[in-house]
Amino acid sequence: MTALILFYIAGFVTLAAAILAITRTNASHALIYVVVALLAIAVIFFLLGSPFAAALQIVVYAGAIVVLFLFVVMMLNLGKSSVDRERALLTRGIWTVPSLLALMLFAVVLFALVSGDHETEAQARMIEPKEVGIALYTKYVLAVELAGVLLLAALVGAYHLGRRYLADRREEEETS
Amino acid sequence: MTILYLILFLLGAGLVACLVERTNANAPRWISLFAFIIATIWTGAIWLGGADPETGFYVTGELSWIPALGINVLLKVDGLSLVLIGLTTILGVIAVVSSWSEINVSRGFFQFNILWVMAGVIGVFCAYDLFLFFFFWEVMLIPMYFLIAIWGHEDRSYAAMKFFLFTQVSGLLMLVAIIALVWINYANTGVITFSYDELLNVELSGTVGSLLMLGFFIAFITKLPSVPVHTWLPDAHTQAPTAGSVILAGILLKTGGYGLIRFTVPLFEEASRDFAFVAMLLGVISILYGGYMAYSQSDFKRLVAYSSIAHMGFILVGVYAFNELGMQGAIVTMIAHGFSTAALFMMAGSLQERLHTREMSQMGGLWVKAPRMGAMTMFFVIASVGMPGLGNFIGEFLVLLGAFKVNVPLTVLATVGIVVAAVYGLSLMQRSFQGTPNAQVATMQDFGFREMSVYAIMIVALVWIGIYPQHVLDLAQPTLDALGIAL
Amino acid sequence: MPPTEHVLVLALMLFCIGAIGVLVRRNIIFILISLEFMMNACAMVFIAAGAKWGQPDGQVMFMLILAIAASEVAVALGIVIQMARRFRTLDVDAVSELRE
Amino acid sequence: MTLSDLWVSFPLVVLVGGTLILMIGVSIVRTHRLALGLTLLALILSLAAHDISLDHITEGGYELFGLLNVSGVQVFFNALFLLGATVTALFAYPYFDARVERCEEFYILLLTATAGAMVVAAATHFASFILGLEILSISLYAMIAYPRQSHPPLEAAAKYLVLSAVASSAILMGMALTYTATGTMAFAEITLSPESGERSYFLLGQALICVGIAFKLSLVPFHMWTPDVYQGAPAVVTGYVATVSKGAVIALLITYVQSTDVLSYDGVFYAVVFVAVASMIVGNLLALLQTNVKRLLAYSSIAHLGYLLIAVLVVNTARPELVLETILLYVAAYFIITLAAFGIVNLTSEHETEDNEQLEAYAGLFWRNPLLASILTAVALALAGIPLTVGFIAKFYVFAAGVEGTAWALIWALLIGSAIGVFYYLRLIYTMVKEVQPGATALPRIGTQSVVAVTVLGLLIVVLGVYPTPMIDMVRSIVQSSGF
């Protein structure tokens with residue numbers, strides 16, 4: 001029962017953060033909500049008996065992918081002058097809602113860790129990271145290799161698109 | 001096999017003509033001319049060679065093509081095919097000569113298209129495999145499209161598009177009907193074959209038979225053309241260059257009539273009989289409508305184009321009279337119309353070349369300046385109107401006789417069409433060659449030897465058919481017998 | 001453990017929010033964020049289904065989705081950087097030249 | 001992993017290995033020519049490796065790790081992908097050489113994209129399906145945006161990315177729901193027991209997967225940005241997107257429909273019928289309005305995939321052999337025609353700054369460059385399905401499959417679509433035979449290798465149109481061996 005309540009709270013946080021994220025006008029603000037939503041989803045994963053997935057969700061998604069986003073957004077500095085943006089970032093109002101949502105999440109996780117009783121469905125059960133690892137390197141070994149090719153393609157693509165060539169530098173010098 | 005070689009010969013000549021233009025701009029037309037002369041002699045030789053007494057075919061050829069689908073290159077020439085192939089090769093000569101000095105841009109490609117159209121048409125006339133037939137049926141459109149689109153007159157893009165679209169779409173209906181027929185045969189016998197002879201035996205239930213028959217019928221009357229799918233013809237004929245009009249009116253329209261006789265009627269005999277009244281009615285409407293429209297035209301070429309619709313109405317009436325007289329009449333009309341209308345289109349071409357107009361209001365009194373042209377026009381107008389002693393008369397008379405046995409009121413209406421023909425024919429003559437000469441007509445040149453020799457061929461042909469039609473009738477008779485229809 | 005149906009409802013709602021974002025927003029960064037939500041919704045269903053059937057496959061699929069999302073973001077951000085550098089805007093419609 | 005596993009997957013291994021060697025090679029010496037050479041070598045070796053893998057494939061295909069299944073059909077598709085990639089590489093060389101500073105990465109992406117296509121075509125499991133699809137798509141984003149200094153490619157890449165990612169998400173969600181309902185992700189095991197209470201998830205999942213596939217094939221009404229992508233991408237890449245990426249999804253569609261029998265659910269079936277009819281009609285109608293050759297080809301390809309869907313839809317009413325034969329022939333014909341079409345667009349713009357893609361740019365091409373004009377004419381006629389071209393054979397087969405499956409409504413749509421199609425294909429031809437405008441210049445000198453490639457494709461269009469027997473025999477033997 002407690003798990004159910006926790007799930008509802010996490011679910012509410014997810015949806016609320018997601019809605020807020022996609023309705024922001026400032027990309028940096030939106031990304032903060034994204035982090036919140038992703039963390040809430042990690043909680044749900046945990047409640048679903050997949051601690052390993054929950055950990056990965058935080059490390060890779062919230063940790064790596066969103067940071068990548070943030071990095072690009074900061075680097076580009078589009079729109080009005082960046083000073084305006086910085087100032088807006090610091091106002092109190094912007095921060096209240098994400099903080100509240102995150103706080104709720106924290107409470108949920110805390111409660112889940114303390115209570116620790118999981119009711120299960122007929123077949124439903126907790127799946128250990130070990131099991132996942134075994135599946136990954138037996139049944140899905142080809143998929144892992146293909147994922148490697150996928151990352152290689154992404155690497156080459158991002159490298160070509162992201163890097164500056166001679167012509168780019170020359171162009172920039174001319175404009176500046 | 002010899003007929004396949006004839007087709008390949010024309011195709012090859014087309015390629016040579018196209019390629020040789022770079023070295024010599026005059027060579028293509030000579031190549032083309034000789035190719036058609038050789039083809040005519042070739043056809044004559046086939047005729048003289050006589051038919052195989054057992055099968056009734058002059059030549060046959062079979063070659064494996066797509067065995068996986070039971071498709072073969074199956075070519076057979078019987079009397080009907082031979083007559084039409086002869087008409088094709090002779091008109092080929094005429095088309096080349098008629099455009100001798102008209103075409104100045106890319107002559108090689110022009111001759112290429114003419115040769116390829118003719119090769120396609122010959123293929124249509126002797127294909128005994130439905131897939132092959134459809135193949136040729138569509139292939140001849142492409143060079144014809146180019147003839148109109150490249151060397152046509154002011155509205156050529158529109159006219160070429162309309163021509164292609166009508167024939168292509170109606171052709172697709174036929175393709176669906178062909179495939180459905182083949183697959184019905186497959187369901188019955190377990191064999192996929194496109195062979196005409198095999199498919200003649202397919203048993204069809206009433207509705208299915210009617211639907212498939214309509215698929216073929218619509219394709220053929222579009223080409224013929226008959227009301228209500230005739231609207232491409234006035235545009236295409238008017239805009240095409242002279243050789244294009246000659247080929248269109250002389251030969252391409254005949255493939256529609258041929259298709260009706262060879263495919264629609266035998267393959268779907270029962271359905272066709274049920275449909276005969278509608279078809280004859282369409283024919284009569286075409287006759288009257290074509291005549292009426294022809295009379296109200298001011299453009300020389302357009303007038304002749306509409307008159308073609310009227311003449312083609314006779315073919316529809318003749319075929320669907322379902323008796324020997326009607327069919328024979330239709331065939332003779334096809335041949336005679338081929339010559340007489342081709343001649344009139346050539347005349348229009350010659351006039352346009354000299355006067356740079358096709359408007360009859362700009363003409364008048366030409367006879368004085370160009371008596372030979374006048375005489376020729378007079379002859380072919382009269383032939384076209386149906387003067388006894390000339391080919392068209394025989395054809396239309398036989399058609400009317402045949403139709404009379406079946407449906408008297410329609411026959412009467414068709415006969416009215418002949419009277420209308422006389423009216424517009426003579427009006428054409430009067431408006432262009434009689435009356436007071438126009439100022440710009442003063443410098444007009446009369447026909448020279450080249451033109452006169454071509455007209456001579458056509459006059460001989462028409463008189464021959466008119467006085468002694470038995471040759472054509474004899475040639476076509478075995479075909480009609482072989483159709484196995486109680487005529 | 002929460003019932004699968006409830007997780008599905010939540011995931012579908014998240015998926016729809018993402019889809020709405022893709023449709024409504026014109027700034028490519030926001031479109032990408034919305035796409036991330038859609039992907040996450042998928043991942044959530046896989047995890048729930050894996051738990052429901054007691055199989056590790058659901059989590060394996062989640063990891064594959066992680067790889068996919070990471071690669072897409074990498075290339076997408078590369079395109080974003082180029083767009084920003086060339087057109088000084090991230091609005092997909094504002095840069096639109098491709099039409100009749 | 002056994003030795004025969006390795007042999008069967010050898011073409012894929014060669015391709016991926018080739019990618020790595022190419023990467024190493026590029027990192028040592030950055031020469032465009034070397035990159036092209038290594039790419040062609042990898043592609044050809046991979047094609048040759050199929051010969052080895054064929055020896056190990058038994059009737060009905062060879063199962064690899066439960067994720068892939070390789071049979072004659074897959075080998076056929078792979079051969080087409082490799083052909084497409086080879087042609088693309090040949091066209092890309094002069095095109096990028098003239099306008100991009102660093103060209104080598106393009107070939108790496110080309111190889112990974114082709115590997116992705118091969119995975120998609122052979123997929124029998126959701127995991128391999130989505131991975132292959134993503135390898136393909138991600139490579140394509142970068143390939144489309146490759147000439148990053150110009151505007152249209154970047155915009156096209158951004159649009160394609162969004163479009164494709166939405167499609168992927170839809171497919172993923174569909175997979176997840178299907179997995180929830182059935183507890184399996186292998187195509188062959190996906191069935192719904194009739195008493196199951198999870199029918200709604202299952203159907204929603206299948207519907208989402210269908211929507212995703214329709215996105216990837218850019219069928220109406222999921223075609224919104226396709227013309228923009230086609231127009232903005234460099235012509236070489238457009239040709240690749242139009243052929244290989246769509247071919248891969250079609251191959252997958254065959255396996256998927258066959259093993260899950262999803263079309264036997266009425267709702268799914270009629271939805272696909274709607275999509276097919278809409279694609280045929282709307283695709284052709286919108287193509288009428290285009291004055292840009294790339295956009296015209298985009299709409300035309302939408303329509304062509306609608307035609308192809310007819311064959312897929314009659315899978316339960318016509319003989320399966322005929323259905324498969326039709327699809328394979330149609331895809332082969334479509335590959336040849338489309339590659340030739342974009343090849344010509346590419347050829348005529350090799351030395352321009354922007355792609356030479358306005359219809360008016362082709363005015364009088366017949367008199368300026370008869371060879372290219374003749375090939376483009378063959379292409380237009382083939383797309384219109386006129387005899388003498390391989391396009392007719394393909395359309396003939398679709399008609400035959402439709403007639404055998406008694407899908408009369410679809411045949412009517414095909415007839416109407418073809419009729420509309422004739423208009424704009426003819427307009428293209430007419431543009432080429434128009435008189436040369438006074439301002440029009442002769443075409444610049446163009447690279448020999450691209451001309452040869454385009455000429456070979458043009459000859460294939462005509463030769464296979466006149467004498468299709470070798471192609472039909474080959475396809476038929478593949479169909480028989482695959483045990484469809």
Side-chain angles (χ1 to χ4, degrees), chain A residues 3-4 7-8 11 14-15 18-19 21-22 24 27 30-31 34 37-38 41 44-45 47-50 52-53 56-57 60-61 64-65 68-69 72-73 75-76 78 118-121 123-127 131-132 134-136 139-140 143 147 150-151 153-155 157-162 168, chain C residues 1-4 6-7 9-11 13-14 17-18 20-22 24-25 27 29-30 32-34 36-37 40-41 43-44 46-48 50-64 66-82 84-85 88-90:
Chain A
L4 203 56
F7 168 73
Y8 285 136
T14 312
L15 294 180
I19 291 172
I22 64 162
R24 293 310 88 189
L31 283 169
V34 173
L38 293 179
I41 292 171
I44 293 171
F45 288 176
L47 293 174
L48 283 169
S50 311
F52 187 46
L56 279 179
Q57 170 84 2
V60 180
Y61 241 121
I65 295 180
L68 193 64
F69 262 108
V72 169
V73 169
M75 189 179 98
L76 294 177
L78 291 155
H118 296 293
E119 301 131 286
T120 49
E121 278 183 50
Q123 266 181 309
R125 64 187 177 87
M126 169 109 167
I127 293 155
E131 249 183 287
V132 180
I134 289 171
L136 208 53
K139 190 175 166 192
Y140 287 99
L150 173 69
L151 292 171
L155 177 76
Y159 167 78
H160 171 76
L161 290 171
D168 298 320
Chain C
M1 206 176 279
T4 316
H6 296 212
V7 186
V9 171
L10 173 67
M13 282 165 83
L14 187 61
I17 291 171
I20 291 166
V22 173
V24 173
R25 297 309 299 255
N27 184 313
I29 294 274
F30 284 92
L32 291 176
I33 289 174
S34 308
E36 291 307 315
F37 285 136
N40 259 295
M44 196 190 291
F46 269 117
I47 299 260
K52 174 189 168 191
W53 296 104
Q55 294 168 347
D57 303 48
Q59 291 194 45
V60 171
M61 281 304 279
F62 164 72
M63 282 177 221
L64 297 180
L66 268 187
I68 290 168
S71 333
E72 285 208 344
V73 166
V75 177
L77 289 177
I79 293 171
V80 167
I81 290 174
Q82 286 300 329
R85 201 179 279 169
R88 322 294 313 164
T89 173
L90 293 181

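Computed over heavy atoms, backbone and side chain alike; hydrogens, waters and symmetry mates excluded. Chain A is the first sequence line, chain B the second, and so forth, proteins listed ahead of strands; every chain is numbered from 1.
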Kindly indicate whether the side chain of [X], heavy atoms from C-beta on, has any atom under 4.5 Å from the side chain of [Y].
X: C:Ile81; Y: A:Met75; answer: yes
X: C:Met63; Y: A:Val60; answer: no
X: C:Pro2; Y: A:Leu48; answer: yes

| field | Structural part of A:Phe69 lying under 4.5 Å from a heavy atom of chain C | value | both
| field | A:Leu38, part contacting chain C, at a heavy-atom distance under 4.5 Å | value | side chain
Rounded at 0.5 Å granularity, tell me how far [atom1] in [X] sits from [atom2] in [Y].
X: C:Leu77; Y: A:Ile65; atom1: CG; atom2: CD1; value: 10.0 Å
X: C:Met61; Y: A:Tyr140; atom1: CE; atom2: OH; value: 7.0 Å
X: A:Gln57; Y: C:Asn40; atom1: CD; atom2: CG; value: 4.5 Å

| task | Quick one: list whatever passes side chain to side chain contact (heavy atoms under 4.5 Å, CB included) with A:Ala53, sequence neighbours left out. | result | A:Phe45, A:Ser50, C:Ile47, C:Gln59, C:Phe62
| query | Taking only residues two or more places apart in sequence, or in another chain, which ones meet C:Leu10 in a side chain to side chain contact (heavy atoms under 4.5 Å, CB included)? | reply | A:Phe7, A:Leu15, A:Ile44, C:Met44
If you compare all heavy atoms of [X] against all heavy atoms of [Y], which two are closest, and at what distance to 0.1 Å?
X: A:Leu150; Y: C:Ser71; answer: CG-OG, 3.5 Å
X: A:Ile22; Y: C:Ser34; answer: CG2-OG, 3.6 Å
X: A:Ala21; Y: C:Phe30; answer: O-CE2, 3.6 Å
X: C:Gly50; Y: A:Ile127; answer: O-CD1, 3.6 Å

| request: Let me see the working for C:Val75 and A:Leu161 under side chain to side chain contact (heavy atoms under 4.5 Å, CB included), right down to the final yes or no. | output: CA-CA 8 Å; C:Val75 177; A:Leu161 290 171; 4.0 Å; yes
| note | Highest number of heavy-atom pairs under 4.5 Å with chain C among A:Thr14, A:Leu155, A:Leu56, A:Leu151 belongs to A:Leu56
Counting only heavy atoms closer than 4.5 Å, note whether [X] contacts chain A via side chain, backbone, both or neither.
X: C:Ala43; value: both
X: C:Leu64; value: side chain
X: C:Glu72; value: neither
X: C:Val7; value: both

| query | Which residue out of C:Val80, C:Ile79, C:Val73 racks up the most heavy-atom pairs below 4.5 Å with chain A? | reply | C:Val73
| note | Given C:Ile20, C:Ile68, C:Val60, C:Leu32, the one with more heavy-atom pairs under 4.5 angstrom with chain A than any other is C:Val60
